[in-house]
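Whatever order the structure lists them in is the order used to number ligands and atoms, beginning at 1.
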Amino acid sequence: MAEPVRKRELGRGERVVPGVWRLRLPLPWPGVPHCNAWAVAAGDGVVLFDTGMHEPGSLANLERALAMVNLKLEHVRLVVCTHAHSDHYGQVATVLERAGCELWMHPDHEHMTRTAADPDAALQRRIEVARTSGVPEEPLRAYADRRKGENYGIAGIVEPHRDLVPGVVVDTDLGGWEVHETPGHAPSHVCLYQRERRLLISGDHLLGRVSLYYDFGYSPDPAGEFLHSLGVVEDLDARLCLAGHGRTFTDVQAHITANRSLVAQRVQRVLDVVTFDGPISAYDAVPRVYGEAITPATANWWLSETLCYLVHLEVTGRVERIVDGDPRTVERWVALTA
Ligand SMILES: [Zn+2]
Ligand SMILES: [Zn+2]
């Protein structure tokens, strides 16, 4: 049966609570139809938390979403990014140009900015990781060809005017928003918390539907960092979560618990595969972990997620990698017996 043709959606704006508007912006990705930017009233304008991705028609969608709630780009007094992924940071350059305001973002944004500044070097690094993980030459070459000249979904590279780190407060009409570092999904990830109202702008750290993704290769243990960040958010005791994708939700604790148990389940599955089938390469482990063969559509995501769990198991002393000092050798993983 042919896939039904998805009608491209348009940007939409709606009020969530007084002074807070959700801007729902379409994405070109299968399985992730849209992302959210959040506008929060601030004096005679708004603070814009995230911007949506840059692609043909994306600015019109942002403007359309703003217009639906009687706002314009010129009302944006400050752009705050939860993290430097394209669906949150992509249109920063354009919005800043139109609104003449600043960008505040966490300083660990190199996972995007360095990649976008030198795409060839970034691609080369990814290919090295894939080769070491056991990806055969043929799919590797096909991948490299597909990715050559890829655009990253950002209008331009913008460095933050101010580092979004703990202690910085984002002032709005609803009060100040605290910055909480929540790396794991991305090294630059922060959540913003309005303590009096118990509102959490959670970016992609906590989503309505549990969906795990980590940037691999920029920090020592992304899955471990993500688990720690779940604890950070848990301590806040938020009442309403404004997430980077999907609807707002109130059962924040249940979402934290669901994320934790899915991570635990996947970590355990990776450990089982290494225990029973090791020594094994990350690439050979993937179909055993997910119970499905790798396809070009899943390869990247699944391989980096599996690598994150392997590294997490390594850091926590449960597996180790066999290396012989030759960088061309495929790394294989074995379980450590207690
Ligand atoms: Zn993201
Ligand atoms: Zn996102």
Margin query: Could you check whether H106 and H189 have their ring centres less than 6.0 Å apart?
Written below: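 No, ring centres 6.0 Å or more apart.
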
Checklist line | the Zn ion (ligand 1): protein N, O or S atoms [distance under 2.8 Å] | finding: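 Listed by chain and number: H83 NE2, H85 ND1, H185 NE2, D204 OD2.
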
Item checked: With E63, the salt bridge (Lys or Arg N to Asp or Glu O under 4.0 Å) member among R12, K72, R98 ->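 Among the candidates, only R98 passes.
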
Margin query: Could you tell me if the side chain of D50 sits less than 4.5 Å from the side chain of N36, heavy atoms only?
Written below: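 Answer no - side chains too far apart.
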
Next item on the list: Just give me the atom name: the N, O or S atom of H245 closest to the Zn ion (ligand 2).
Entry: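 Relative to the Zn ion (ligand 2), the closest nitrogen, oxygen or sulfur of H245 carries the name NE2.
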
Notebook entry, point to check: Which residue pairs satisfy the ring pair (Phe, Tyr, Trp, His ring centres under 6.0 Å) criterion with at least one member in residues 272-296, sequence neighbours excluded?
Noted result: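 Residue pairs passing ring pair (Phe, Tyr, Trp, His ring centres under 6.0 Å), neighbours aside: Y290-W302.
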
Notebook entry, point to check: Quick one: do E102 and R77 make a salt bridge, cutoff under 4.0 Å?
Noted result: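 Looking at R77 together with E102, the answer is no, because their closest N to O distance does not fall below 4.0 Å.
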
Checklist line | Check against side-chain hydrogen bond (donor to acceptor under 3.5 Å, both in side chains), S133 and E331 | finding: CA-CA 6 Å; S133 306; E331 282 176 1; over 6 Å; no

